[in-house]
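Basis for what follows: all heavy atoms, side chains included, without hydrogens, waters or symmetry-related copies.
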Amino acid sequence: MNSEKQYFFDNPENIRVVLRIFYAICILLVSLDFVVHRHTEFRWEGLPGFYPVYGFVGCVILVFVAKWMRTFLMRPPDYYDRTELREDAARGGRGDG
């Protein structure tokens with residue numbers, strides 16, 4: 001007998017159902033973009049599918065900027081361990097804090 005708790009997303013069938021609902025909502029929203037009239041400031045905002053494309057491009061640019069920023073913001077894997085070792089040595093080498 002398996003005593004592990006079964007979560008909702010542990011079942012692959014549940015994942016398929018959620019993805020199908022997600023895709024159906026996406027198709028519905030894109031199809032409504034052809035029907036709903038929007039009051040826009042600029043001509044290109046009135047193009048069908050402008051906002052989904054704009055959002056997708058914005059997310060892609062955000063990912064590339066984050067990858068670029070990672071090159072100079074990321075700390076080495078042992079950064080915090082080295083800091084703790086220096087503090088420990090400054091206290092006289094005792095690890096009891």
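- Summarising the local packing, CZ of Phe56 is surrounded by 12 or fewer heavy atoms from other residues, nucleotides or ligands at distances under 6.0 Å.
- Residues passing the ring pair (Phe, Tyr, Trp, His ring centres under 6.0 Å) test with Phe8, sequence neighbours excluded: none.
- Shown here for Val18 and Phe9, the closest heavy-atom pair between the two residues is CG2-CE2, 4.0 Å.
- Contacts of Glu41 classified as side-chain contact (heavy atoms from CB on, under 4.5 Å), with partners at least two apart in sequence or in another chain: Glu45.
- The side-chain contact (heavy atoms from CB on, under 4.5 Å) test with Tyr23 is passed by exactly one of Ile21, Ile25, Leu19: Leu19.
- Between Tyr51 and Tyr54, the angle of the ring planes goes over 60°, which puts this pair in the perpendicular group of the 30/60° scheme.
- Contact detail for Leu47 and Arg38: the closest heavy-atom pair is O-NH2, 3.6 Å.
- Between His37 and His39, the ring planes are perpendicular. Angles over 60° get that label, and only those under 30° would be called parallel.
- In terms of hydrophobic clustering, with Ile, Leu, Val, Met, Phe, Trp and Tyr side chains grouped at heavy-atom distances under 4.5 Å, Phe22 and Leu28 are assigned to different clusters.
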Please table the atom pairs, donor to acceptor, closer than 3.5 Å between any side-chain atom in residues 59-71 and protein atoms at least two apart or in another chain.
| unit_1 | atom_1 | unit_2 | atom_2 | d |
| --- | --- | --- | --- | --- |
| Thr71 | OG1 | Trp68 | O | 2.5 |

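- Once rounded to the nearest 0.5 Å, the distance linking CD1 of Ile15 with CG of Asp10 reads 8.0 Å.
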